[in-house]
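Input: a single structure, listed below in structure tokens.
Chain letters run A, B, ... following the sequence lines, proteins first, then strands; residues in each count from 1. Hydrogens, waters and symmetry mates are skipped; everything else that's a heavy atom, side chains included, is used. Every value quoted in this text rests on a predicted model; they were computed, and no experiment measured them.
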Amino acid sequence: DAKTTQPNSMESNEEEPVHLPCNHSTISGTDYIHWYRQLPSQGPEYVIHGLTSNVNNRMASLAIAEDRKSSTLILHRATLRDAAVYYCILRDNSGGSNYKLTFGKGTLLTVNP
Amino acid sequence: KAGVTQTPRYLIKTRGQQVTLSCSPISGHRSVSWYQQTPGQGLQFLFEYFSETQRNKGNFPGRFSGRQFSNSRSEMNVSTLELGDSALYLCASSSRMNTEAFFGQGTRLTVV
């Protein structure tokens, strides 16, 4: 599985934007970039995913570099409820590993009031 | 639409015993995956079932097994429990059309 690299932790203030980076220099052409987050005492929660173009949904935006070797998850206005561990995951959609997620250590996001 | 349901939420077992955990996926989802989460190793993939067939398996010993029923509900079994099996066990379901996985709240297993 292709590897991702994320900072161990980041800190933000409430109502400010947060940019969570992820490096994936060995990404292959069939890898989708997925982001999940895990709030305390809960299972992981899907946030967003993309392949090449930038993506927006109600939770966040995903900015993907032109060479696809890095991406950034953007939370436009952080709230206290966004404090969680954020995982950047490469998911191969080309074959039998379609439903397998390989989690790294993720980034622990702390949001200050 | 009901989410992924895992039972039980908490479990305490003794070394050497076996345990069975249950997962009911979201209605219509045919893929069920299992993950183990520990403070030291993080989230690790155990196995994935689709239409009652195991399609993927992670790097875990044979003591860890699973199955999926015709209604897509899944069970995982751990035999001869060891202290190191203490973990949060998470189940996720996916549909054929979607690419996102929906996780349950997990079963917290403590082996004493």
(message) Any non-hydrogen side-chain atom of B:Q37 less than 4.5 Å from a side-chain atom of A:Q38?
(response) yes
(message) Looking at every heavy atom in both B:Q105 and A:S41, which two are closest together, and how far apart are they?
(response) NE2-O, 4.4 Å
(message) Test your reading of the model: is there a side-chain donor-acceptor pair from A:Y36 to the backbone of B:A101, 3.5 Å cut-off?
(response) yes
(request) Determine whether B:L109 and B:L83 fall in the same hydrophobic cluster, where Ile, Leu, Val, Met, Phe, Trp and Tyr are linked whenever their side-chain heavy atoms lie under 4.5 Å apart. (result) yes
(message) Would you say that more than 12 heavy atoms from the other residues, nucleotides or ligands in this model lie under 6.0 Å from the CG of B:N59, or not?
(response) no
(request) Write down the atom of A:G43, the atom of B:L90, and the distance for their closest heavy-atom approach. (result) CA-CD2, 3.7 Å
(request) Check whether more than 12 heavy atoms from other residues, nucleotides or ligands sit under 6.0 Å from atom NZ of A:K69, and answer yes or no. (result) no
(request) To the nearest 0.5 Å, tell me how far A:K105 NZ sits from B:Q41 CD. (result) 6.5 Å
(message) I'd like to know whether CD1 of B:I12 has more than 12 heavy-atom contacts from other residues, nucleotides or ligands below 6.0 angstrom.
(response) no
(request) Please name the pair of heavy atoms, one in A:L101 and one in B:Y35, separated by the smallest distance, quoted to 0.1 Å. (result) N-OH, 3.0 Å
(request) Would you indicate whether B:R63, at its atom CZ, is surrounded by more than 12 heavy atoms from other residues, nucleotides or ligands within a distance under 6.0 Å? (result) yes
